[in-house]
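In this text, all values refer to a predicted model and were calculated from it rather than measured experimentally. Whatever order the structure lists ligands and atoms in, that order sets their numbers, starting from 1.
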Amino acid sequence: MIQVTINGQRHELAPGLSILQALGALGVEVPRLCHDDRLVPAAVCRLCLVEIEGLPRPVPACATRLTSGMDIRTHTPRLEEGRRATLGLLARKHPADVALLPETPFLRALRAYGLEHELSGEPDRSLVDDSHPYLHVDMNRCITCLRCARICGELQGQFTWMVLNRGERTRLTPDSGTTLRESSCVACGACADACPTGALEDKTVLSLGVPTRWTRTTCPYCGVGCELEVGTREDRIVTVRPALDGPVNKGHLCSKGRYAFGFLRAPDRGTAPMIRDGQRWREVSWGEAIRFVAERLQRALERHGPTGVGVLGSARATSEENYLAQKLARVVLGTHNVDCCARVCHAPSAAALKATLGAGAATNSYDDIEQARTILVCGANVTEGHPVLGARIKQAALRDTGLVVVDPRRTEIARYAHVHLQLRPGTNVPLFNAMAQVILSEGLADEAFLRGRVSGREEFEPFIACWTPERAAPLCGVEPSLIREAARLYARGRPAMSVHGLGLTEHVQGTEAVMCLVNLALLTGNVGKPGAGVNPLRGQNNVQGAAHMGCEPRNLTGFVPVEDGRARFESIWKAPLPSAPGLDLMQMLDAARAGRFHALWAIGYDVLLTNPDALSTREALASLELLVVQDPFLNETARELGTVFLPAATSFEKDGTFMNAERRVQRVRRTVEPPAGARADWEILCAVAGAMGHAEGFGFRSAEEIWDEIREVWTAGAGISYARLEQGGIQWPCPTESHPGTRVLHVETFPGRQRAPLSRIDFVPSPEVNSEEYPFTLSTGRALQQFNSGTMTRRTAHAALHPRDVLSIHPEDARRIGVEDGAPVRIRSRHGESVLPAHLDAGVRPGELFATFHTGEAFLNRVTSPYRDPFTRTPEYKLTAVALDRAPGGERT
Ligand code: SF4
């Protein structure tokens, strides 16, 4: 501790604080307008100046470190006069029209000094820019504190705001030189969040008014799991701001979390249950809908037995709701036919990590990004798919953390990489094998770790010896020297952490590719320590939770294999578990096509639009005698093939928890009431279970009651109570209420094994091959401004930010087939066809294509291939052989 004197009072304070932080800790208020805890202090506004005994001039409190013995004065007449003069100058340039924004920090500061009447600037229309769908720009209000430009660079790494001119003429402008809409802005809203004057402001706040209530919850989009402060007014969301102390997002959000909440009030929001009557839908009461679903499920059970019915849980629903979905399948329907969309994304990660390290989840945490010396990003377009995490990785690379990117495209993050391995789609296995060969042959392995914690080296070494970079290079299309460079960087720059996405898992070698990635971590000792590990980036907010809660045919809650958990679950549930093994999603669809599966209840999952090989998905769904779709919207699956539609509440409208990709359980809180007629998924599940005679095991009255039962069955989560979650998210394992949670797995041991095995994986290429007729290779993925099937984002102003799916094609290929930028192109595969506008992009290699997949109009999954990873049946979305030609009669868009 250090001793200081502040305004004549002596204090003992922790070392390392700035004077401003110390004043904050003691409750001493000094005005400041350029300061933001998320930013490096810039001392631009000069309002926080303080006097220090012995120094000739005042110093900025934000940028001066507290040192022992300082005698500080914060409100002397000279300081206060200076502040009044500075604020007065700013006020006289600022427009007087402040009625819409009565609560800005600037206005509060003026009020504190009695200077409101000084507001007298003449507004200049040319400084107003209303072009952006979410942000209103009025540079008449700018006080050049530079918070917008600094936060854009320091937090988002985007550098959109530029400073023009000097002195009096200083002006902030977007990098387009024209409007914000035309600039490089990614709509993260950080600038508006940081702006103290309302020069940059959310349009919703201007049109709906400032919030009167704030509720903390978790983002409904990707698996990063950012925490939100949701501002509401008259039961309507007005704005969303980042939780400043959110452990995941640390005061930042991407455009989806920040702005894409308009879907709540979309005009086509489902507000009444409906039953299909031929080609028409008939609105019914909830009582009739629940009776209908219960009776038709019962009828299917009587006709076909429990193997003919199944349930799909939802990555969009809470963990409590997914727990109930699988409990209902197992206890009420008597089947393990229960699955979720983890099947089509990270099931290979869970399988590979469980098989090698003993736990099917990320080994480390996002905070390891800042501790890693090297980061290996594999098959993940992080700045678009997981934007806040992508921004953190970008910032790490800017600070000179080693960065290796494995991706067939030159994505934004690849531009920051020290080594970009631009491999052919589907060649992760030979690439990682070659990196392993380099690590062992060049003596870069962690010998102590291998001796103490790894098995199978004797067999692995001769196997891997022949996987030289020269052997892998022609398969992968990557120079041997680059493979060596990447392997050396990863092995020498320890701790090294890997993050991976669907570019690894959505291949026929998905599970094997993740096992090969685990090999690299084991060889280099990058397991069980901070800044290291193998970390799947989960795509949807609660896909980790959905599978972990037991929406998985072979595993119960806690990812416990059915036979291992049978006795415990039967005793807690007071019901027998089915004895027949269950079907996963892909098997259910196969069985439906074969006439052996007849009734499906799909919760928050647009199966038709999102499954690959859509023609056969449609055939399977069309053959069902009952298809229950439960969703906030009549999605494509419901619209085309549903039997009954149950309108569900969104996560802004209910309580519960989500589990993010780093195993963190976080609270979801009701911020507004659901529309009349929509119900929370858990309420619907309980009602149907009750109507089927199981009221006792489903008599829950709140999400917390369900969570408490989850804690009973899931030993590794037993210590995570709602009361504890009020203080912030907790990472499992957390077996007791006194356990702090677990940031890094496998520190000393692996679950269920002494040592983790090295895996010998040979390369078996995909059966989906190019031919003379299908010479191009198509991969699919997300765009920053849309999310999956677009159910939510396309019902917001994000539709203007990314209005349509596009096909990225190399300019050389485009020239060869006579296609211009924006021209519609017909994509044909062996499985179907689609039409998309071309986007000329030198970031894809000649012969390769990339398309986004968000819209029902493009319906890209009519094209994707039916092949699957043999271990998990995860489809190979990332590789389809296609032909291209200019769409007949198509106009340029
Ligand atoms: Fe939401 Fe993911 Fe964006 Fe965070 S990064 S705000 S969790 S979509």
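When each atom of ligand 1 is checked for a heavy atom of Pro387 under 4.0 Å away, the hits are 5 (S). Taking every non-hydrogen atom of Gly225 and a distance limit under 4.0 Å, the qualifying atoms of ligand 1 come out as 7 (S). Listed by number with element, the atoms of ligand 1 under 4.0 Å from a non-hydrogen atom of Cys219 are 1 (Fe), 6 (S), 7 (S), 8 (S). Near Tyr221, meaning under 4.0 Å from any of its heavy atoms, are these atoms of ligand 1: 8 (S). Of all atoms in ligand 1, numbered sequentially from 1 with element shown, those under 4.0 Å from a heavy atom of Val388 are 4 (Fe), 5 (S).
Counting backbone and side-chain atoms alike, Cys254 contributes an N/O/S atom closer than 2.8 Å to atom 3 (Fe) of ligand 1.
At least one side-chain heavy atom of Lys250 sits under 4.5 Å from a side-chain heavy atom of Asp367.
Taking every heavy atom of both residues into account, Asp681 and Ala649 meet most closely at OD2-O, 4.3 Å.
Ion pair Glu653/Arg679 not flagged as a salt bridge, since none of the NZ, NE, NH1 or NH2 atoms sits closer than 4.0 Å to an Asp/Glu carboxylate oxygen. Of the charged side-chain nitrogens involved, at least one lies within less than 4.0 Å of a carboxylate oxygen, so that Asp193 and Arg38 count as a salt-bridged pair.
Ligand 1 has at least one atom lying under 4.0 Å from a heavy atom of Leu253.
Here the two rings, on His798 and Tyr134, have centers that are under 6.0 Å apart.
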Could you walk me through whether Thr218 and Glu227 pass the side chain to side chain donor-acceptor pair (under 3.5 Å) test, one step at a time? CA-CA 4 Å; Thr218 305; Glu227 286 194 80; 5.0 Å; no

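Partner of Asp655 under the salt bridge (Lys or Arg N to Asp or Glu O under 4.0 Å) criterion, out of Arg667, Arg669, Arg670: Arg667 alone.
Ranking the protein heavy atoms by distance from atom 4 (Fe) of ligand 1 puts Cys226 SG, 2.2 Å first. Looking from atom 2 (Fe) of ligand 1 to the surrounding protein, the closest heavy atom is Cys222 SG, 2.3 Å.
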